[in-house]
Amino acid sequence: MDMFMNEMERSLQMVVMFQNQSLGIAIWFSKEGNWTIILLPEEPIVVETISSLIFGKVPEKMVTRIVDLRSDTVTKPTEAMRAAMASAEVDDDVLGYDPTAFRLETEMAKTMGKEAALFVPSGTMGNLISVLVHCDVRGSEVILGDNCHIHIFENGGIATIGGVHPRPVKNNYDGTIDIDLIEAAIRDPNGELLYPTTKLICLENTHANSGGRCLSVEYTDRVGELAKKHGLKLHIDGARIFNASVALGVPVDRLVQAADSVSVCLSKGIGAPVGSVIVGSNNFIAKARRLRKTLGGGMRQIGILCAAALVALQENVGKLESDHKKARLFADGLNEVKGLKVDACSVETNMVFIDIEEGARIRAEMICKYLEERGILVMQESSLRLRVVLHHQISISDVQYALSCFQQAVKGVQNEMGN
Amino acid sequence: MVARIVDLRSDTVTKPSEAMRAAMASAEVDDDVLGRDPSCFRLETEMAKILGKEAALFVPSGTMANLISVLVHCDIRGSEVILGDNSHIHIYENGGIATIGGVHPRTVKNNHDGTMDIDLIEAAIRDPKRHLVYPTTTLICLENTHGNSGGRCLSVEYTDKVGEVAKKHGLKLHIDGARIFNASVALDVPVDRLVQAADSVSVCLSKGVGAPVGSVIVGSNGFITKARRLRKTLGGGMRQVGILCAAALVAVKENVPKLENDHKKARLLADGLNEIKGLRVDTSTVETNIIYVEIEEDSRTTAAKLCKDLEEDYGILLMPMGSSRLRIVFHHQISASDVQYALSCFQQAVNGVRNQNGN
């Protein structure tokens, strides 16, 4: 870095006026009084940030660097994935079997320790199919967390599309539901004249709305025992199950052993462009395949997407631990920013919830806007809360850059509020 | 072992071409749920323009396209849709409009040419005065080309007339246009003119058009906005879907001009099959890329047996439809030489001459 700077000074006859290594920029003034912004090797710059630093005001949006922290779904296919997609062996997966889809499904079933697997276009369909196949009698009810993805972010499809009644039970901050509350929610068959029929319990691991928190294998097993005791099935919404497995240091098949079915996202941290996989027994998957067709998820030469997913599994499961480290780095850094608060002990995987401190006199939407103008994209959860999600296409330098933007955002917004 | 496979089961078996694979590998993509995938946006914009509607939506399959279309039009509880008793939606889509969507189907007899009599459609529309006992008719569905009739085309005049009936009674009109491009080519009517009377159309990209995956729904802006939401609910919201859309864009450009050829090949084979003692094809019904072959009563074989023989001994794959009927579907990856080969295999199979191909 220093060698580069010295060389620049010497060859361009310029004097360094300003430099910021974490932002990756430096500004030189020539002897004639002109100033030039120089990009440091491999580091793009945000012209706006520089201008505001020097001149104290924000010119028109000229952002060249985007750091997308809205979700791990934004991951784009890598070169290896694109090559695999281009050369994928395919066939009509409805009339018969697409060979690449078959390979992916076989591999996923093995990895998750279940008999069979089914590729579906999305996690929403993965969960919808699973609930509807388990709840195949009219008047079924499913017990699930009141703050789980199925209940909050899937358009209520299990009810509006599937005719299944949801029975939400309070999610704790760690993503679990109290076992005795689950048991209390199970309908007494003696009351069947008035009651729907409890068929299924759903868990979510990692639990997104708690900030990507992990359900332990012990807890999962206990819920599984409860389900068995009452003749119920257990489904795990395992969109980010690999994150949980890595964070807990528990093999993924052991982690979901108690479950009758699991839905696993390939398009999130795993980084594939599209799709999820449902795993379960042969019988369950046979019914799931049929319901997938009914819902319109029966795709033809689907091996193209499955080829990318196979590469993704190989390339990116190993990188999840890194995403968790970046999240912790982020969380610790944000906790240093006056006005923001992160419950660092709740940062177990790749998600960080950022709360605005009371009395900080700033609102989340203003921070979001400020950050967006500087190319940092985050998700606003409420007027006092933001969410960031780390993935393998966010570098350490991105994290540093984002942190400094957060610092400026809070200061900037507070100044605006003060004026 | 059979060395040469000629797959005539469906036009869905088409595999992506080199150009499509290249397009997929280099497709510009983004998260189509959090925002818009640029390749998907391009495909949807193009398809809307081609079909003369305001907007379009890419979906994983024709089944989802029809399911979404019916459910969006029939958005009030107690809706009913009028459709052909031999239509794809009614026969081959798992009854999803009812089991998933809560919509009641009211079937009307399909004629052999794929149409339904206009007066029978009109008679099936529920009288609002008796709403205490009736569901509410909300939608009429047509299918063009009509699969179960052998890929027969609904004329633009017929479509317009059904559109007028729909308007007169305040109903919507949806066209299951899985093979609408085949109809447009065969009738020599621009595809946007052909579907002008429709409020929505579902168009398959993975059949004769040759893309690996997907269909597109077209309709008004308001309709497509609701369709997008329902697509998410059903689980069709895919992320970096531009990969599939890039292939579809290439497919539409490359293969729509080849459809006329598929129709020629179908007629060629149909004429040839009609010459074979024991088989009969009503060649006047072969309007596009689908042939139904009847096995005559005095021949000593059944549809299932003939299919099996053709597959095992000759590598010709077909779809049996009932005990004495076969279906053949053409697409751009079947060559003229494949047609000749298939014809000779049929001759041998029907006449009981087994070609010992390597056995």
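Chain identifiers are assigned alphabetically (A, B, ...) following the order of the sequence lines, protein sequences preceding nucleic acid strands; residue numbering begins at 1 within each chain.
Only the side chain of B:M319 comes within less than 4.5 Å of a heavy atom of chain A; its backbone N, CA, C and O stay farther away. For B:I68, no part lies under 4.5 angstrom from a heavy atom of chain A. Both the backbone and the side chain of B:R229 come within less than 4.5 Å of a heavy atom in chain A. Both the backbone and the side chain of B:T99 come within less than 4.5 Å of a heavy atom of chain A. With a 4.5 Å cut-off on non-hydrogen atoms, B:L67 touches chain A through its side chain but not through its backbone. Residue B:A247: no heavy atom, backbone or side chain, is found under 4.5 Å from chain A.
Between chain B and the residues A:V94, A:V274, A:I161, the most heavy-atom pairs under 4.5 angstrom are made by A:I161.
A salt bridge is absent between A:E89 and A:R103: the closest approach of a Lys/Arg side-chain nitrogen to an acidic carboxylate oxygen does not fall below 4.0 angstrom.
When only modelled atom types and interatomic distance are considered, A:N350 and A:D72 share a side-chain donor-acceptor pair under 3.5 Å.
Under the salt bridge (charged side-chain N to carboxylate O under 4.0 Å, His left out) criterion, B:R9 pairs with B:D7, sequence neighbours left out. With sequence neighbours excluded, no residue satisfies salt bridge (charged side-chain N to carboxylate O under 4.0 Å, His left out) with A:D91. With sequence neighbours excluded, the residues that form a ring-ring contact (aromatic ring centres under 6.0 Å, His included) with A:H134 are A:F284.
Of residues 200-209 of chain B, those residues lying under 4.5 Å from chain A by any heavy-atom pair are B:S206.
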